[in-house]
Number of protein chains: 2
Amino acid sequence: MEKQSVTIYTVAREARVSMATVSRVVNGNPNVKPETRQKVLDVIKQLNYRPNAVARGLASKKTTTVGVVIPNITDPYFAELALGIDDVASMYKYNIILTNSDSDDEKILKVVRSLLAKQVDGLIFMGHDVSDDLRNEFESTNTPVVVAGSIVNNDALPSVRINYQAAAKEATEFLLKHGDQQVAYITGPLRYSINGEDRLNGYKEAMANNNVAFNESLVIETDGSYQAGYAKAQEVIEKGLKAAYVTDDSLAAGLLNGLTDAGISVPDDFELISSNDTNYTKVVRPTITSITQPLYDLGAISMRLLTKLMDGDDSNDDEKSVILDHGFVERQSTRK
Amino acid sequence: MEKQSVTIYTVAREARVSMATVSRVVNGNPNVKPETRQKVLDVIKQLNYRPNAVARGLASKKTTTVGVVIPNITDPYFAELALGIDDVASMYKYNIILTNSDSDDEKILKVVRSLLAKQVDGLIFMGHDVSDDLRNEFESTNTPVVVAGSIVNNDALPSVRINYQAAAKEATEFLLKHGDQQVAYITGPLRYSINGEDRLNGYKEAMANNNVAFNESLVIETDGSYQAGYAKAQEVIEKGLKAAYVTDDSLAAGLLNGLTDAGISVPDDFELISSNDTNYTKVVRPTITSITQPLYDLGAISMRLLTKLMDGDDSNDDEKSVILDHGFVERQSTRK
DNA sequence: TTGAAAGCGCTAACAG
DNA sequence: CTGTTAGCGCTTTCAA
């Protein structure tokens with residue numbers, strides 16, 4: 001009992017007009033006599049006609065679909081951005097092909113190619129890194145690309161982010177001003193420029209500003225996970241550290257819980273500041289003092305920027321990159 | 001400097017073969033002489049030819065894309081399912097159009113229609129409810145649909161889930177056996193059948209089994225959010241309650257923190273069990289005892305089932321619905 | 001205001 | 001093993 005599909009041709013025949021006319025009314029073209037329009041509309045409703053977006057895409061070379069690559073949907077940081085992206089996308093009548101990249105360069109390349117093959121009108125890339133092959137791919141396509149959050153070393157591409165270096169500097173100085181001389185820098189992979197350059201530079205800058213020598217052994221690298229944070233509590237205790245600026249909320253939450261479970265009292269015995277202001281920082285106890293980022297807006301504005309690019313609005317090449325304001329919120333993981 | 005797009009025709013001409021042959025090579029059709037294949041492959045590489053998936057979709061009536069509707073990406077429960085879906089999808093070479101529905105019936109209908117217009121090969125629906133219009137939509141399309149998690153009143157549609165009633169019953173009985181006679185049922189919206197029927201029935205069943213009368217005032221309805229849980233702590237304290245089975249992890253986490261911040265000690269003064277075993281239950285302190293669900297698998301198996309349906313494998317109509325095993329894990333929010 | 005007709009780039013018989 | 005030929009369902013000139 002396969003339903004017979006009703007096409008634009010069926011409608012045209014039934015309404016005794018041409019396909020062109022049907023196409024016009026479907027697309028809201030004003031050059032149609034009201035009576036004709038009504039007649040067509042009636043037939044469309046009666047037949048329950050639904051335009052085939054694939055055919056439309058082929059003919060018009062627009063798919064009203066944008067690709068979004070995300071390292072991991074279950075990461076609250078990126079999920080929040082994705083929410084902003086999706087909201088604005090649907091506001092502009094775009095659908096989103098969302099693909100997990102697992103931060104794996106091979107897979108990233110694969111999905112980007114697949115997205116491009118599907119003729120997405122634009123692409124939003126979230127990730128920690130842009131490999132050479134990927135950069136190549138982006139440069140050799142006409143499809144506009146926007147980088148959202150997390151990447152900086154990338155002036156070639158339009159991007160939306162905050163000033164990670166300044167934020168890290170402020171967080172570190174906050175700790176320094178509390179008299180913590182040995183502020184650790186506990187981080188996700190340093191090969192990601194956001195960790196290995198921007199934030200680390202901010203950290204160093206704060207140290208320099210306060211005349212405390214940079215100490216390599218205070219830089220503690222992890223994979224950025226909750227588990228890694230939990231496990232590092234031991235090392236932190238052994239080293240007798242008293243404070244840390246942490247680059248990821250999951251990492252910070254893990255560290256916090258590891259410390260607490262080991263009998264260390266935060267913030268009395270240890271002060272902690274994190275970077276992303278995701279739910280992690282608010283759900284744990286004590287809550288975590290953090291740099292704040294407009295997560296939703298980071299995504300929303302990326303998508304908004306992309307719509308402009310897709311509309312061919314290259315007018316202001318100067319503002320291809322958008323830096324949003326960040327903030328800072330004191331919670332319970334630091335002392336008053 | 002718009003790049004001239006290279007089509008199958010360009011390749012055919014350059015390789016001095018027909019489009020059909022190029023198509024065969026691209027699609028791995030074995031009926032091509034090795035030398036010819038090589039020649040075509042060379043030209044493809046040289047021209048950097050990429051097949052246009054939209055054209056392919058139009059011609060073949062397959063888009064290798066599936067639609068996924070999700071209430072909210074940032075909800076860890078659904079995000080985990082989405083991860084499973086995406087992994088299996090990419091395993092089977094499908095892309096995913098992921099759309100947030102905000103649990104809004106109007107919007108759900110809109111996105112489902114849009115997905116169908118885009119000729120997705122299949123659809124995975126995550127949500128709390130299926131409105132009449134939506135059910136209608138699903139029934140009048142040939143596109144296979146699988147419901148993943150959360151919905152039960154829906155025997156018409158293939159679905160993948162756990163036995164929510166049995167799980168709720170076990171959780172409630174655990175509390176009852178601890179001597180808590182006044183076990184509250186703190187829930188998200190009761191209009192969702194999963195809360196208003198399945199879990200509630202499990203709760204009642206447990207009460208009946210243990211000869212404790214069902215008490216309407218122990219059923220506390222909320223919107224299911226962390227904030228709602230936090231706020232409800234007050235009411236719980238005023239009512240002098242000592243234990244609760246909670247239907248959502250965010251809700252449970254909020255309640256827990258609300259209680260703790262109000263000076264109530266969990267589990268000494270109050271026992272708490274939650275339902276979904278998301279990160280929430282593991283990150284808070286005390287950690288939350290919970291029903292466990294194979295979240296990732298729920299998604300993965302939904303997608304796997306969908307691939308079968310898309311392949312037209314209607315062979316076993318009997319097992320259209322899959323019920324996965326659930327479990328239970330004791331953590332710190334209940335006494336030993 | 002409307003229609004005819006030429007594609008969009010590819011797949012899928014069918015014939016050879 | 002390979003080529004020819006219709007489409008897939010729609011948009012978009014171009015004329016009328």
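Everything numeric here is computed off the predicted structure, so don't read it as measured data. Below, chain A is the first sequence line, B the second, and so on; all start at residue 1.
As judged by a 4.0 angstrom heavy-atom cut-off over every strand, V17(B) is placed among residues touching the sugar-phosphate backbone only.
Distance alone, capped at 3.5 Å, is enough to place a donor-acceptor pair between the T63(B) side chain and the Q119(B) backbone.
If you check distances only, the side chain of R24(A) does reach the base of dG3(C) with a donor-acceptor pair under 3.5 Å.
The nucleotide whose nearest atom lies closest to any side-chain atom of S23(A) is, among dC10(D), dT12(D), dG9(C), dT12(D). The A20(B) side chain lies nearest to dT4(D) when the options are dT4(D), dC8(C), dT2(C). Comparing dG9(C), dG9(D), dT11(D) by their nearest atom to the side chain of S60(A) picks out dT11(D). Comparing dC10(C), dT2(D), dT11(D) by their nearest atom to the side chain of M19(A) picks out dT11(D). Residue S5(B) has its side chain nearest to dG9(C) when only dG9(D), dG9(C), dT2(C) are considered. Comparing dT2(C), dG3(D), dT11(C) against the side chain of I8(B) picks out dT11(C) as the nearest. Comparing dC1(D), dT1(C), dC8(C) by their closest approach to the side chain of T36(A) singles out dT1(C). Here dT11(C) is the nucleotide among dG9(C), dT11(D), dT11(C) with the atom lying nearest to any side-chain atom of N27(B).
To the nearest angstrom, C1' of dG3(D) lies 17 Å from CZ of R13(B). The NZ-P distance, from K39(A) to dT2(C), rounds to 8 Å in whole Å. In this structure, R56(A) atom CZ and dG7(C) atom C1' are separated by 18 Å, rounded to whole Å. The separation between R50(B) atom CZ and dC10(C) atom P is 13 Å, rounded to whole Å. Atom CD of Q38(B) and atom P of dC1(D) are 15 Å apart (whole Å). Regarding L58(B), its CG atom lies at a distance of 18 Å from the P atom of dA6(D), rounded to whole Å. Distance, R37(A) CZ to dT1(C) P: 9 Å, rounded to whole Å. Protein atom OH of Y9(A) is 10 Å distant from nucleotide atom P of dA4(C), rounded to whole Å.
Using a cutoff of 4.0 Å between basic side-chain nitrogens and carboxylate oxygens, D121(B) and K62(B) are not scored as salt-bridged. Between E137(B) and R50(A), at least one side-chain N (NZ, or NE/NH1/NH2) sits under 4.0 Å from a carboxylate O, which counts as a salt bridge.
A 6.0 Å sphere centred on CD of Q46(B) holds more than 12 heavy atoms belonging to other residues, nucleotides or ligands.
Look at S18(B) and you'll find a side-chain N or O under 4.0 angstrom from OP1 or OP2 of dG3(D).
Between N31(B) and K61(B), the residue anchored closer to the 5' end of DNA chain D is N31(B), taking for each the nucleotide with the nearest heavy atom.
If you look at H128(A) and F78(A), their ring centroids are closer than 6.0 Å.
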